[in-house]
Amino acid sequence: MLITVSKNPGEGYSSLQEALDSIPPQQKQAVTIRIKPGIYEEKITIVREAPPILLLGEDPHSTVITWNDNAHTLGADGEPLGTFRSGTLNVFAEGFTAENLTIRNASGPGTGQAVAAFVDAGQAVFRRVRMLGDQDTLYTGQGKQYYNDCYIEGDVDYIFGAATALFDGCHLHNKRSRGYITAASTPEGAAFGYVFLNCRITGGEGVSEVYLGRPWRPYAHVAFIRTVMDGSVTGEGWHNWGQPDREQTSRYEEYGSSGPGACPESRAAWSRQLTAEEAAEYRVLTVLDGWHPEGY
């Protein structure tokens, strides 16, 4: 099933959410929604009952989905939305894929938690997707997720959540000083939380003292493998969120970091530098427990 969304009259649906809502309830086979270039100002929800869906843009810079809710925005019930309802794109269905587009929360800096993408389902794939925001840009709720060649920016905890998520060749961009890239809430007993393979980290002009992560929950797991880090990353690397007991349970790891922000000798004593043998286990197939989305 192929559906087209376009800003040009006569080329299909003008609204992405209308296109999604048009999918028949009995549809079980995969649906591709081709999104023509344009700025789509709408809040999008992929319901849990949806079939496998591919949102296919033509180019990540010209195909933009944007909205501006934040945690303090009042909902239809007159109550603040909170972080979990602030997302521009909200994915609750298994087997979701997005390619070649931008997902933006335009709430702006200093407005509080404002999610661009809330991904609360397994086997979700993002390829060549730009995620733009400030605080809490990407919320990885649950399941196993794969991000390839994506650009993700923010300032505080801008990648956060409980999912096992592998970031393959992604670009992370720090927008302000003294922020945090990750806030993992990895469940106790999970083999992997966030794994960054062959990524790079940059910062805006003058940005410094950014931490690689802090533990949202006690068993946070984050590993950076062969990541190029610029000078925006602080030498200490990791922060305990003011809770020293989490130093005993969190697993913060690196291997082969390079660039001005790679300072193994300065890293927090409770983090680890992996051996070559340990780092070799951080492969897509292993981290995602036999699922290999990079071959699709």
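Atoms considered below: every heavy atom in the structure, side chains included; atoms not considered: hydrogens, waters and symmetry mates. Along the sequence shown, residues carry numbers from 1.
Here the closest heavy-atom approach between residue Glu42 and residue Ser15 is recorded as OE1-OG, 2.9 Å. Across every non-hydrogen atom of Ala223 and His221, the tightest pair is CB-NE2, 4.2 Å. Taking both residues in full, the closest heavy atoms of Pro51 and Gln29 are given as CB-O, 3.5 Å, listed atom of the first, atom of the second, then distance. Minimum heavy-atom separation, Asn100 to Gly57: CB-O, 3.1 Å. Closest non-hydrogen pair, Pro293 versus Val125, comes out as CB-CG2, 3.8 Å. Taking all atoms of both residues into account, the shortest heavy-atom contact from Ser208 to Ser177 is N-OG, 2.9 Å.
Counted by atom type alone, Asn148 and Arg127 present zero donor-acceptor pairs between their side chains at under 3.5 Å. Counting only N and O atoms by type, the side chains of Tyr151 and Glu153 include a donor and acceptor under 3.5 Å apart. One side chain, Thr102 or Arg130, offers a donor N or O that lies under 3.5 Å from an acceptor on the other. A donor and an acceptor atom, one from each side chain of Tyr139 and Asp120, are nowhere located under 3.5 Å apart. Arg246 and Asn240 share no side-chain donor-acceptor pair at under 3.5 Å.
Here Phe192 and Tyr282 bring their ring centres to under 6.0 angstrom of each other. Taking the six-membered ring for Trp and the full ring otherwise, Phe224 and Tyr252 have centroids separated by 6.0 Å or more.
For the side-chain contact (heavy atoms from CB on, under 4.5 Å) with Val129, the lone residue among Thr63, Leu89, Leu101 that qualifies is Leu101. Checked against Tyr158 for a side-chain contact (heavy atoms from CB on, under 4.5 Å), the options Val115, Asp136, Ile152 give a single hit: Ile152.
Checked by atom type and distance alone, the side chain of Ser250 pairs as donor or acceptor with a backbone atom of Pro218 at under 3.5 Å. A donor-acceptor pair is defined here as one N or O able to donate and one able to accept, closer than 3.5 Å; no such pair exists between the side chain of Arg34 and the backbone of Ile3. The main-chain N or O of Gln142 is found under 3.5 Å from a side-chain atom of Gln145 such that the two form a donor-acceptor pair. Not one N or O on the side chain of Thr186 forms a donor-acceptor pair closer than 3.5 Å with the backbone of Ala162.
Ring geometry for His239 versus Tyr211: interplanar angle over 60°, hence perpendicular rather than tilted (30 to 60°).
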Pair Tyr180, Asp157 - check side chain to side chain contact (heavy atoms under 4.5 Å, CB included), show working.
CA-CA 5 Å; Tyr180 308 86; Asp157 303 336; 3.4 Å; yes
Take Asp134 and Val156 through the side chain to side chain contact (heavy atoms under 4.5 Å, CB included) test and state the conclusion after the steps.
CA-CA 7 Å; Asp134 293 282; Val156 176; over 6 Å; no
Take Ile33 and Tyr13 through the side chain to side chain contact (heavy atoms under 4.5 Å, CB included) test and state the conclusion after the steps.
CA-CA 10 Å; Ile33 299 181; Tyr13 289 92; over 6 Å; no
Working note: Ile201 + Leu212, criterion side chain to side chain contact (heavy atoms under 4.5 Å, CB included); need CA distance, chi angles, decisive distance, verdict.
CA-CA 10 Å; Ile201 300 172; Leu212 298 171; 3.7 Å; yes
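The number of heavy atoms from other shown groups lying within 6.0 Å of CD (Glu205) does not exceed 12. Atom CD of Glu278 has more than 12 neighbouring heavy atoms from other residues, nucleotides or ligands inside a 6.0 Å radius.
Between Ile159 and Leu172, the closest side-chain pair of non-hydrogen atoms falls below 4.5 Å. Side chains of Met1 and Pro24 form a contact here, defined as non-hydrogen atoms less than 4.5 Å apart.
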